Amino acid sequence: MEKVRVRFAPSPTGGLHVGGVRTALFNYLFARKHKGDFILRIEDTDQTRYVEGAEQYIFDCLKWCGISPDESPENPGEYGPYRQSERKHLYRKYAEDLVRKGHAYYAFDTPEEIEAMREKLKSEGKGNQQYGYAVRHTMRNSLTLSAEETEALLKINFPHVIRIKMEPNELVVFEDVIRGRIEMDTSSVDDKVLLKADGMPTYHLAVVVDDYLMKISHVLRGEEWLPSAPVHIQLWKYLGWGHQMPKWAHLPLILKPDGNGKLSKRDGERLGFPVFAMHWTDPRTRETVKGFREFGFLPEAFLNLLALLGWNSGTEQEIFSLEELTEQFSLERVHSSGAKFDFEKAKWFNHEWIKRTPASGLLPLVTEIYRERGIENTEAEKMAFVIDLIKDRCTLLPDFWDQGYYFFQRPGSIDVTPIVSKWNEKKDLFFNELIRTLEVMDFWNSANLEHGFKEIAAVNQLKPGELMLPLRIMLVGGKFGPGVFDIAAVLGREETIERIRQGLAELP
RNA sequence: GCCGCGUUGGUCAAGGGGUUAAGACGCCUCCCUUUCACGGAGGAAUCACGGGUUCGAAUCCCGUACGUGGUACCA
């Protein structure tokens, strides 16, 4: 079998969203699984949609996710350039070749003329208002003009496009790896523009030419491309490359959680979750949206949750490393139906990954979060210990702050409401005695702390349970956190005693 | 409108002629834990509808409904 070569071909028009990353991931997995190449090609043929920084952003996202391409604009292989804008000169000759063979034609219609044609069809009640076989003989193109007229218009550089000439009433049949046999009537597809008036190819021409030139073996792309597949397939044939046509696989869409359509950037803002991999700042509006990374997702978890959106291994395993995904992935097990995105489940994946990641792996990320909030003196050994103590309670990375900041800084305020009503003099006496005991305690560790605490409680005929919550609140400020003696052990003698003193001061 | 694709609990989904129709998320109850979690044990909740084919259909076929994508000199 020929070498597997797949490509992720995004258009650099903004943030890279979950659907895009998943397409990239599936391409990556498929390539790795078959010891093939994973290529990144930038589809920037629409100059009106150029967005500053969007291309670099794509590189960065893939890097963060850990699925960097083997060939890309940054890291070219032998099939470059990898930016379609830099391949502009390649396309025209293929389009003209098609004109020569009678599979395409020059069209000189202005946008207004096309618009008028559509209006006319609409008013006649025609369901199909496409520029296609039914109307092309009424338009201004090289099919209706004489050869001389066409030649003359071309000579004066009259604005024109090249359109594919779709033969009607042909059945295009192809095998989709995910969906099986698919049939479409060519009559339902229009004469797509192949080469635009500015000389740039449209997606349809560029994708076929580049996939051919780059020796792409499998096209894995979103389902939104399914309706234009017949155009691409005809192009492969018309160009004379039919025998080298890649295998097709159209991936299911990722849908909004509440139904109605593809997941979009707006849904994230509306529903309060990220849809981009990383934060994206629109260069025009300066508006920034947070991505999965900024919400506190681990890249491993992000990839994991994306992989399970549309694919599953057929086993009960749900947590997969990239290596495991690579081993087990197969297109045959990709669904054909769309999946609604569920942020709750996404968070669960991250929680699982946090629980499984050793403190050493979390350390730089958590340290950075503390630094952002003004705490620099996070000694690594202590922080690693704290991470292990609290990571079961952390779903997203910023939770490490809420669950652990009090190890590094006194709580700004403490909430005594859960204990104040049951507070009494006996308890007050107990804590004063506890302070005296702590001051002279030999080995400051969790077990000794607990032992000493319970001993004093017993002597005073108090139940430890009624005392532990007050201690907790004095130390951390509220009803949360790991074992209270573990907390005191980390805090150290002086700090523990000081916090008890301050706590006592707030109680009657 | 037209064309394509799809439809198993609220969500992700296994199962593809005979199953008590897995599992996970979320929700609820209980246990563990004198906080919150983690962990453990349970629970509620599903084959879109209508026709076929068949001894037997979630599974195969046809319709309908619904969802979704496309219908640009956007990708």
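Sequence lines set the chain letters: A, B, ... in the order given, protein chains first and strands last, and positions in each chain run from 1. These numbers come from a predicted model, not from an experiment.
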Between [N] and [M], how far is it from one [atom1] atom to the other, in whole Å?
| N | M | atom1 | result |
| --- | --- | --- | --- |
| B/rU29 | B/rC36 | P | 13 Å |
| B/rU19 | B/rC31 | C1' | 31 Å |
| B/rU35 | B/rC30 | P | 15 Å |
| B/rA44 | B/rG23 | P | 12 Å |
| B/rA57 | B/rC61 | C1' | 11 Å |

Would one find a side-chain N or O of [X] under 4.0 angstrom from OP1 or OP2 of [N]?
| X | N | value |
| --- | --- | --- |
| A/R333 | B/rG15 | yes |
| A/R393 | B/rU35 | no |
| A/K196 | B/rC74 | yes |
| A/T13 | B/rC74 | no |
| A/K355 | B/rG39 | yes |

Which one is paired to [N], where only Watson-Crick or G-U wobble pairs with both distances under 3.5 angstrom count?
| N | result |
| --- | --- |
| B/rC47 | none |
| B/rU29 | B/rA41 |
| B/rC12 | B/rG23 |
| B/rA65 | B/rU7 |

Classify [X] by what it touches in the nucleic acid, base, sugar-phosphate, or nothing, heavy-atom distance under 4.0 Å.
| X | value |
| --- | --- |
| A/A197 | base |
| A/P482 | base |
| A/H335 | sugar-phosphate |

Between residues 158-167 of chain A and RNA chain B, which residues have a heavy-atom gap below 4.0 Å? A/V161, A/R163
Nearest to side-chain heavy atoms of A/N312, which nucleotide of B/rG23, B/rA14, B/rU71: B/rA14
From the options B/rG6, B/rU68, B/rC73, select the nucleotide whose nearest atom is closest to the side chain of A/L255. B/rU68
Given atom CG of A/L389 and atom C1' of B/rU35, what is their separation to the nearest angstrom? 14 Å
Taking N and O atoms by type only, does the side chain of A/K345 place a donor or acceptor under 3.5 Å from a partner on the base of B/rA24? yes
Run the ring pair (Phe, Tyr, Trp, His ring centres under 6.0 Å) check on A/Y94 and A/Y212 step by step: do they pass? CA-CA 12 Å; A/Y94 294 107; A/Y212 169 74; 7.3 Å; no
